[in-house]
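Take a look at the structure set out below.
Worth knowing before you read on, the calculation uses all heavy atoms, side chains too, and leaves out hydrogens, waters and symmetry mates. Remember, it's a predicted structure, so these values are computed and weren't measured experimentally.
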Amino acid sequence: MFFNSLNFAIFLPIAFLIYWSIGNKSKTSQNFILILASYYFYSCWDYRFLFLLIFSTLLDYLSAIQIENSKTQIQRKVWLWICVSINIGFLGIFKYYNFFIASFTDLLNSAGLHTNPLLLKVILPVGISFYTFHGLSYIIDIYYGRIKSEKNFIDYSLFVSFFPLLVAGPIERATHLLPQLKIKREFNFEKAKEGIYQIVWGLVKKVVIADTCANYANEIFNHSNSMNSLSLILGAVYFAFQIYGDFSGYSDIALGTSKLFGIDLLKNFNYPYFSRDIAEFWRRWHISLTTWFRDYLYIPLGGSKGSKWLKIRNTFVIFLVSGFWHGANWTFIAWGLINALYFLPLLLLNRNRNNIDEFTLGFNFASFKILVNILITFAITCFAWIFFRAKTIHDAVSYIKRMFTDLHFSQQYLTIERYSAELILMLLVFVVIEWNNRTKIEPISGKYSWIKLGLCMAVIVALGVFSDYKEFIYFQF
């Protein structure tokens, strides 16, 4: 069930009405209704994987209690590693087994040893990377005594399976979400209105920006051998806007949907394409995952403390793991490696925390310098996205090679029966709107909010009807 589907448009108001009518008697009834709604939502993908979600929930719930009740440190570690190993094991089997086997087979074949590997014919359970990380953060926090284990199984089950965040995040923390699930929520009209505004703006990002860009980006990437330099550059830019509109749009819909039920989720995007360097970009992009790796991998490894070599090692570890988290393909690892190389000079020169303040632009040299830095950061980000989008390393290298060697900068007519001029104009309008929205809580709120809401709905319907691309990119992760 996609957020941009008719099924979800029917499911959401029904869940909303049941929740605030029947479920308004107590916190337990509210949570129970949300669990049933979440399990139904997940079952719409493939009901068989619902059992995997329930098993993972039970495993983490019981392991946390055992860790907390253990008499010795050894017992605590045993329960921690049992839980972590099983969680990572499931993730490894479904997501990475075939990748490792195929890579090892290719290595043997290159050495003249031909084998017939046993590959698993299984599909990737949707959202497994996200709900696994929900549980792991909870278990690790219990182990280090940051929080107490949750004894109420209904409350904990909802923490893991809450449907707005279940399949593509944000990756929530128990310290943030569980306290909200421990109390009865009261209906707040203003909060619900904010939620609707955020849902609509998320749909604009997804349907209007991401899906339109997807049509162009797919055409260019799939026929890159016949594209000139200008088209290839535009293809990388279109994909950059596609993945931003797609994923930040999903996050907006998730946060807005959650507000309808009186629950606040973590902010996942903070206008990343207005970043002045790559360090700031990673503080603004997929914030819940970036902070997860920071807190549970980077800092335990030593973070930015210690020798320069330790800093370099930790930087490469976190970016390579982040790339591998996104998918079992060498292209994602290459994407992580490129971002590590981008980040490294800032770290070694102690400039990775330079741009943490908010800023404005004016007619002066300082503003011109900021604008140049934003454009450079966006350009190198687009370059890295080529590896993220390409099917193989060879495809990415060929794409980049042709981009720098064809040197024709004429506008090409695509087989989707369009030039690119109208899309470029639409993206420029979108950038201006995003820039104006940076200081707002909700993009549609404020003066003339109902007019803006109506315009957004009109453009969603107008462009959504003709969109050929419906899925969310991050559902595959």
Side-chain angles (χ1 to χ4, degrees), residues 1-45 47 50 53 126-127 130-131 154-170 172 176-207 249-268 441-445 449-450 452-454 456-457 460-461 464 470 472 475:
M1 187 188 299
F2 298 113
F3 280 170
N4 54 333
S5 68
L6 178 61
N7 289 338
F8 186 75
I10 297 172
F11 163 80
L12 181 58
I14 292 175
F16 176 83
L17 291 173
I18 293 174
Y19 176 81
W20 287 116
S21 56
I22 300 175
N24 203 34
K25 297 177 182 179
S26 66
K27 176 266 294 185
T28 300
S29 61
Q30 287 180 329
N31 289 355
F32 187 70
I33 288 171
L34 284 180
I35 289 174
L36 293 179
S38 298
Y39 284 171
Y40 172 77
F41 177 84
Y42 195 74
S43 297
C44 289
W45 302 100
Y47 71 91
L50 180 61
L53 172 63
V126 66
F130 290 92
Y131 68 72
I154 292 178
D155 293 352
Y156 181 74
S157 298
L158 182 57
F159 161 71
V160 176
S161 63
F162 187 38
F163 74 88
L165 56 78
L166 179 56
V167 295
E172 273 289 344
H176 178 255
L177 183 55
L178 267 176
Q180 299 182 70
L181 307 181
K182 299 294 293 179
I183 59 174
K184 181 176 178 289
R185 276 80 66 188
E186 300 293 339
F187 181 74
N188 184 311
F189 177 76
E190 289 301 319
K191 191 169 190 175
K193 188 170 71 172
E194 286 180 9
I196 292 173
Y197 288 161
Q198 197 162 7
I199 290 170
V200 171
W201 184 243
L203 286 171
V204 169
K205 285 183 177 180
K206 166 60 180 171
V207 175
Y250 176 93
S251 295
D252 282 337
I253 299 170
L255 268 66
T257 300
S258 186
K259 286 179 181 178
L260 293 179
F261 298 94
I263 297 171
D264 292 312
L265 300 181
L266 293 169
K267 187 175 183 177
N268 215 17
I441 298 176
E442 297 298 340
I444 302 177
S445 61
S449 58
W450 289 105
K452 289 186 282 187
L453 182 66
C456 287
M457 293 296 292
I460 289 169
V461 173
K470 302 295 184 183
F472 286 88
F475 282 10

Do you know which two heavy atoms are closest between Leu260 and Ile196, and how far apart they sit?
-> CD2-CG1, 3.9 Å
Intermediate values then yes/no, ring-ring contact (aromatic ring centres under 6.0 Å, His included), Tyr156 and Phe159 | CA-CA 5 Å; Tyr156 181 74; Phe159 161 71; 5.7 Å; yes
Mind listing the closest non-hydrogen atom pair of Arg185 and Gln180 along with its distance?
-> NH1-O, 3.2 Å
Shortest non-hydrogen contact from Ser258 to Phe162?
-> OG-CE2, 3.2 Å
Determine whether Leu53 and Ser161 make a side-chain contact, defined as any pair of heavy atoms from C-beta on separated by less than 4.5 Å.
-> yes
Determine the minimum heavy-atom distance between Lys191 and Asp264, stating which atoms define it.
-> NZ-OD2, 3.0 Å
From the options Leu165, Asn268, Asn4, Val167, select the one residue that forms a side-chain contact (heavy atoms from CB on, under 4.5 Å) with Tyr250.
-> Val167
Can you tell me how far the OG1 atom of Thr257 sits from the CZ atom of Phe8, to the nearest 0.5 Å?
-> 4.0 Å
Between Trp45 and Phe41, what is the ring plane arrangement, given parallel below 30°, perpendicular above 60°, and tilted in between?
-> perpendicular
In chain order, what residues pass the side chain to side chain contact (heavy atoms under 4.5 Å, CB included) check against Leu36, with sequence neighbours excluded?
-> Phe32
When rounded to the nearest 0.5 angstrom, what is the spacing between CG in Leu158 and CG in Asn31?
-> 5.0 Å
Supply the atom-to-atom distance Leu181 CG to Ile154 CD1, rounded to the nearest 0.5 angstrom.
-> 12.0 Å
If we only count heavy atoms from C-beta on, is the Leu177 to Ile263 side-chain gap below 4.5 Å?
-> yes
In short, Gly262 meets Trp20 closest at the heavy-atom pair N-CZ2, 4.1 Å
Near Tyr47 OH, under 6.0 Å, is it more than 12 heavy atoms from other residues, nucleotides or ligands?
-> no
Contacts of type side chain to side chain contact (heavy atoms under 4.5 Å, CB included), residue Ile14, not counting sequence neighbours | Ile10, Ile18
Residues in side chain to side chain contact (heavy atoms under 4.5 Å, CB included) contact with Lys267, at least two apart in sequence or another chain = Asn270
Hey, would you say the Tyr39 and Tyr42 ring centroids sit under 6.0 Å apart?
-> no
How long is the gap from CG on Asp155 to OG1 on Thr28, to the nearest 0.5 Å?
-> 6.5 Å
Is the number of heavy atoms from other residues, nucleotides or ligands under 6.0 Å of Phe16 CZ greater than 12?
-> yes
Out of curiosity, Lys206 NZ to Ser251 OG, how far, rounded to the nearest 0.5 Å?
-> 12.5 Å
Quick one: does Pro170's side chain get under 4.5 Å of Leu255's, heavy atoms only?
-> yes
Kindly compute the distance separating NZ (Lys182) from NZ (Lys27), expressed to the nearest 0.5 Å.
-> 4.5 Å
